[in-house]
Amino acid sequence: MRVVVVGQGPSGLLAADWLQRVGAEVVVCAASDGSLSLWSGGWDFRNFDAAGHPLADPWQWWSDPSHRDFASGWETGDWQIWWRALIRSWQAIGLLIENDPPRQNRWIVTPSGRVRPTFLPPPWQWTFASPAMEPAALISIESLLDSPVGWLKARHPELGWPAASVQLGRPKAWRAHWSGLAWAAFLDRSEGVTWLLGQLDQIQGRLPREGPIIFPQVLGLTTTESLIARISRVLRRPVFESALMPPAVGGIRIRDRWRRGLKSRGIGFLHGHVVKVSERGVHLAEGDRRGDRLIEADAVVLATGGLVGGGLMLGTDGALTNSATSQGVPWGGEVEALASVGIGGGEGLTRVVGRQVGGSDPDRAGNGGAMTLWSVAQAVEAIMGPGKVNGWLAGEEASK
Amino acid sequence: MPELNPNLRRTFLVPDGVINGFDLLFRLSRGIEMHGGSIRLETRLTAVDVDALGRVAGVRVESVRHGVETIRCDGLINAAGPYASAVAKLFDDPFSMRLSRGVMLVFADRKVPMVINRLAPAGDGDILVPHDRISIWGTTDEPTDDPQAAPPSLAESRQLLDLAEDLFPQMPRWRVLRAFAGVRPLYQPNPVGESREVTRDFTIIDHGIRGGPKAIVSVVGGKWVTYRLMAEQAVDALAGQLGLSVPATTRTTPLPTLSSGPGQKDDSAGNLCECEEVGRSDLAAWPTSSLSQLRTRTWFSMGPCQGTFCLHRVAETRLDQTDVRQLDHEMAGLRQERDGGMRAVLWGDNAREWALSRTIQRQVLAEDEGS
């Protein structure tokens, strides 16, 4: 079975991963780098109820059959299996996370000092158990934007932030255009590590005695775990990161590792715009000539995203088009409906995956990760047959 | 000009120009302050006091910052634009205006080096104005009774876009930023005919002369290009009422320059707003401005991302002087204002940008939660 996956955001990479695990020959075609660079790396299950109130326990939400919207057939046990399968895929690319899916949502801080729930954070992410934040010491860096320190001081004065936040200076190599990404690349180099350890030496005495130390998310792109372990040894405290604005270093780490892992297992990556899907495969646009290169496939997975990802295009006349199939997508015409309209095109062995499969607004519900997980699971089972991923997972877990 | 329709048969060169409206406004306000005047923003006029002799004695105003206040005065100039007739009602000498709403589309690039007009009697969608790095395509003309312009709709934007086909056939593929609407304060004592036929000339109404309260002058109609002459004549009329005969000097008085301009920018710390290259030093030039005022003063949040990435950064610079709840309120207001303009031109890359902005506001910043 040869499968072409179109798109390399989280749903494309997950689909490619599982399809290959259960025996498919997989090729990924993508026009851009995918949406993982938008997110710091966490997966959401269900963050908010219908009224927009944050949820502590997404399992409880899903246990009510009237809450299952897009995933109507799934019981709690199904979610257990598929979250475990995602965790296994992540462990395989070196992310140090527990085997079991979390029992509750955790809470994270945004760059403007607000807190929100998330379900499955990457291991470097600073999280806490409830919206009442737990004490921590925050490190900021001069001229690095989007540290939440100023906002946290203003929003949570009771936590005594002025005493628990320390600013680092700038290295000689610093330039005004350095974003979090440039900082992370700097800290991957020995020059950067030396600078950082020197800074830590100077500030150690000013840090509070207890609680974790939180850095902005710049602790390396490729050396993160060892860098965090090293800082943690020096400071004798747990060390985590707080996410900044996109381009998100956390998501880029996962994207790069995942792609490298998939390539090492023989999955091919092709660059280009898919402009047509036919019974023979997908048609890649090349230069000015459109759709003249056929990539043959027995099945196709469309992981092209919605409006944000470019899988949907909105014309001046209000017509919505699936960019990969060039087919029109009917919608009501109400702007808010754009957030929950499906991208269309999921017939036969062409399956649509991702957070825009339709029927739910992931920005409002905070269920984009769940939509992705569910839709990829559905697609893999439809193409390769039911139970295959489960079999792979059981084998993996037995061998551990 | 590559964007013009290559099948045009004849073109004519006419002298025309573009005023950078905000720059001129800020120079004027800086000049007023330098000469001892003060400007009260976000302040509403609620009453005009007239004394027993029929002369203006003061005004009452209301603002969030200062509450209700009385300002004493010997003279009053009503230059309230489309609100001028509502102001005149407060001192019982009303006049009728002919308000007309116009919608314009903003594109992200400077598409033409000069103003381009259709050579035809004035109509909808017939002028493209390059404005610094952007281009503005206008406009519509719709009679209205409301001095506050209703937000532009997607239908109006599409209609404007359709009208561009003859002049700029590629316009549907240009990177659109947003649409906005304004109200023209046209003055016509005896309303007849279409509003495009109403004169763009201005009128000075000396209320003392026509039997209203003394020492009040209204100035209505006109265009930006005649603003100085309008002011001169309004002030001369008021000076006459007050028995003053000092000639106006604005004709020969240069306007002050703004402290933050090209060449004076300290960008060693990087920019907060990357689209429009606005840094901390640009913001520091306006220490007491609200976020909404900072937007027009520094141009932050005016580029392709419409503030998605920079609003919280700019707001954070105000945390030492503004309560965090007030800042959250101002941020929500600015988001809503930006969102309205983007929704009215929801197509192409702007639709994608709008969806990106929505997802970043909710997922990355959790702005909906108010936590």
Side-chain angles (χ1 to χ4, degrees), chain A residues 35 38-40 44 47-48 52-54 107-117 131 142-148 150-151 153-155 157 175-179 243-246 248 306-310 312-320 333 335 338-339 355 361-364 366 368, chain B residues 154-155 157-158 161-162 171-173 176 266-272 274 279-280 308-313 315-320 322-325 327-328 331 339 342-371:
Chain A
S35 62
L38 287 179
W39 321 115
S40 65
D44 295 331
N47 291 340
F48 302 103
H53 300 123
W107 297 77
I108 58 173
V109 164
T110 76
S112 54
R114 295 169 189 272
V115 296
R116 79 159 177 93
E142 190 185 349
S143 301
L144 173 65
L145 300 175
D146 303 322
S147 156
W151 287 107
K153 283 180 186 176
R155 294 190 196 283
R175 294 291 175 272
H177 65 264
W178 274 23
S179 64
L244 308 175
M245 292 295 282
L307 270 182
V308 177
L312 282 177
M313 297 183 302
L314 192 56
T316 52
D317 55 358
L320 205 53
V335 169
L338 287 172
R355 69 196 279 282
D361 174 356
D363 290 336
R364 254 187 212 290
Chain B
L154 197 47
S157 301
R158 286 188 188 135
L161 195 67
D162 287 344
M171 194 181 277
R173 277 169 288 282
V176 72
D266 169 24
D267 52 7
S268 62
N271 290 315
L272 304 188
E274 291 161 73
R280 288 179 201 279
T308 303
F309 288 83
C310 66
L311 177 56
H312 69 283
R313 297 172 181 166
E316 196 208 359
T317 67
R318 307 274 135 166
L319 271 175
D320 53 355
T322 312
D323 180 77
V324 67
R325 274 167 295 274
L327 273 177
D328 282 341
M331 283 171 76
D339 184 70
M342 290 179 89
R343 277 173 186 243
V345 288
L346 213 57
W347 62 72
D349 283 347
N350 181 60
R352 194 174 183 184
E353 190 86 52
W354 172 83
L356 176 68
S357 182
R358 187 181 189 275
T359 206
I360 285 179
Q361 285 171 47
R362 290 178 191 220
Q363 305 260 24
V364 178
L365 294 167
E367 280 183 11
D368 256 11
E369 299 324 305
S371 51

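In what follows, chains carry the letters A, B, and so on, assigned in the order in which the sequence lines appear, proteins first and then strands, with residues in each chain numbered from 1.
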Trainee: Under 4.5 Å heavy-atom distance to chain B, tell me which part of A:Pro131 shows up: side chain, backbone, both or neither.
Mentor: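 No part of A:Pro131 comes within 4.5 Å of chain B.
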
Trainee: Mind checking the CG-CH2 spacing from B:Leu327 to A:Trp151? Nearest 0.5 Å is all I need.
Mentor: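 The CH2 atom of A:Trp151 is 5.0 Å from CG of B:Leu327, to the nearest 0.5 Å.
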
Trainee: Count the heavy-atom pairs under 4.5 Å between each of A:Pro148, A:Ser35, A:Gly309, A:Ala243 and chain B, then report the option with the highest count.
Mentor: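 Winner by heavy-atom pair count: A:Gly309.
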
Trainee: Under a 4.5 Å heavy-atom cut-off, does chain A meet the side chain of B:Ile360, its backbone, both or neither?
Mentor: side chain

Trainee: Check whether any side-chain heavy atom of A:Met245 sits under 4.5 Å from a side-chain heavy atom of B:Val364, and report yes or no.
Mentor: yes

Trainee: Using a cut-off of under 4.5 Å for heavy-atom pairs, which of A:Asp317, A:Leu338, A:Ile108, A:Leu312 has the most such pairs with chain B?
Mentor: A:Asp317

Trainee: Between A:Asp44 and chain B, with a heavy-atom cut-off of 4.5 Å, which part of the residue counts as in contact: side chain, backbone, both or neither?
Mentor: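 Side chain of A:Asp44 only, per the 4.5 Å heavy-atom cut-off to chain B.
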
Trainee: Sort B:Leu346 into side chain, backbone, both or neither according to what part of it lies under 4.5 angstrom from a heavy atom of chain A.
Mentor: both

Trainee: Considering only heavy atoms and a distance below 4.5 Å, find which of A:Thr316, A:Leu38, A:Leu314 pairs most often with chain B.
Mentor: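 Top option by heavy-atom pairs under 4.5 Å: A:Thr316.
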
Trainee: For B:Thr322, is it the side chain, the backbone, both, or neither that has a heavy atom closer than 4.5 Å to a heavy atom of chain A?
Mentor: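 Neither part.
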
Trainee: Restricting to non-hydrogen atoms, name the atom on A:Arg114 and the atom on B:Ala366 that form the minimum distance, rounded to 0.1 Å.
Mentor: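 For A:Arg114 and B:Ala366, the tightest heavy-atom pair comes out as CD-O, 3.0 Å.
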
Trainee: Measure B:Leu319 against the heavy atoms of chain A and call it side chain, backbone, both or neither at under 4.5 Å.
Mentor: side chain

Trainee: With a 4.5 angstrom heavy-atom cut-off, could you sort out which part of B:Arg158 is near chain A: side chain, backbone, both or neither?
Mentor: side chain

Trainee: Find the distance between OG1 (A:Thr110) and CD (B:Glu367) and round it off to the nearest 0.5 Å.
Mentor: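 These two atoms lie 8.0 Å from each other.
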
Trainee: If you measure from CG on B:Asp328 to OG on A:Ser112, what distance do you get to the nearest 0.5 Å?
Mentor: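 Answer rounded to 0.5 Å: 7.5 Å.
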
Trainee: Could you have a look at A:Gly306, A:Gly150, A:Pro111 and say which one has the most heavy-atom pairs with chain B under 4.5 angstrom?
Mentor: A:Pro111

Trainee: A quick test of your reading: do over 12 heavy atoms of other residues, nucleotides or ligands sit less than 6.0 Å from CZ of B:Arg325?
Mentor: no

Trainee: What distance do A:His177 atom NE2 and B:Asn271 atom CG have between them, rounded to the nearest 0.5 Å?
Mentor: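 Interatomic distance, A:His177 NE2 to B:Asn271 CG, rounded to 0.5 Å: 12.5 Å.
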
Trainee: Is A:Trp178 close to chain B through its backbone or its side chain, or both, or neither, when contacts mean heavy atoms under 4.5 Å?
Mentor: neither

Trainee: Could you tell me the separation between the CZ atom of B:Arg362 and the CZ atom of A:Arg364, rounded to the nearest 0.5 Å?
Mentor: 4.0 Å

Trainee: About how many Å separate CZ of B:Arg358 and CG of A:Leu307, when rounded to the nearest 0.5 Å?
Mentor: 10.5 Å

Trainee: Can you find a heavy atom in the side chain of A:Leu145 that is under 4.5 Å from one in the side chain of B:Phe309?
Mentor: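 No, their side chains stay 4.5 Å or more apart.
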
